[in-house]
Amino acid sequence: MAQGTNSAKLNLFKCGVCGYIEETELEVLPKEFKCPVCGAPAEKFSKLESSEVDSLEKEKQMNKFLCTVCGYIYETELDELPQDFRCPVCGADASKFEKID
């Protein structure tokens with residue numbers, strides 16, 4: 001028996017609080033869904049349109065910084081974070097971030 005391919009379309013939802021992207025086959029996030037990064041409820045998420053998904057590909061080329069306190073990932077074109085930068089999730093200062101690939 002030949003294996004079929006999974007042709008289900010993935011939908012992308014972006015957290016309006018921390019920027020986390022949830023990939024799912026669902027058309028709508030369940031009411032009880034919570035952001036795994038910041039805990040925001042489902043109503044804080046917006047479904048990304050195809051043009052926004054294309055722009056996410058460009059974001060992959062941006063620099064990423066990991067908050068070592070809470071795990072939040074901040075993406076920016078900057079090579080270094082400003083000294084006064086604070087994590088939008090936990091409030092940690094820039095010294096608590098590490099640049100990641």
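All values below come from the heavy atoms of this structure, side chains included, with hydrogens, waters and symmetry mates left out.
The distance from atom CG of Asn63 to atom CD of Glu80, rounded to the nearest 0.5 Å, is 10.0 Å. Atom SG of Cys87 is separated from atom NZ of Lys96 by 12.5 Å, given to the nearest 0.5 angstrom. Once rounded to the nearest 0.5 Å, the distance linking SG of Cys35 with NZ of Lys44 reads 12.0 Å. Distance check: Met62 CE to Glu75 CD gives 6.5 Å after rounding to the nearest 0.5 Å.
Less than 6.0 angstrom separates the ring centroid of Phe33 from the ring centroid of Phe45.
Using cut-offs of 30° and 60° on the angle between ring planes, the pair Tyr74 and Phe85 is tilted.
Taking the side chain as every heavy atom from C-beta outward, Leu29 and Thr24 approach each other to under 4.5 Å. A heavy-atom distance below 4.5 Å is not found between the side chains of Thr68 and Phe97. Put simply, the side chain of Leu12 does not reach to within 4.5 Å of the side chain of Lys47, judged on heavy atoms. With a 4.5 Å cut-off on side-chain heavy atoms, Cys38 and Tyr20 do not count as touching. Contact of the Val17 side chain with the Val89 side chain is not registered, since no non-hydrogen atoms from C-beta on lie closer than 4.5 Å.
Residue Phe65 is tested with Ile100, Ile73, Thr76 for a side chain to side chain contact (heavy atoms under 4.5 Å, CB included); the sole match is Thr76. For the side chain to side chain contact (heavy atoms under 4.5 Å, CB included) test with Lys99, the passing option among Leu81, Leu66, Asp79 is Asp79; the others fail.
Judged purely by atom type and a 3.5 angstrom limit, Arg86 has no side-chain atom pairing as donor or acceptor with the backbone of Ala92. A donor-acceptor distance shorter than 3.5 angstrom exists from the side chain of Tyr72 to the backbone of Cys18, with no hydrogens or angles considered.
For the 3.5 Å distance criterion, the side chains of Asn11 and Glu27 qualify, holding a donor opposite an acceptor.
When all heavy atoms of Ala94 and Pro82 are compared, the pair lying nearest together is CB-O, 3.4 Å.
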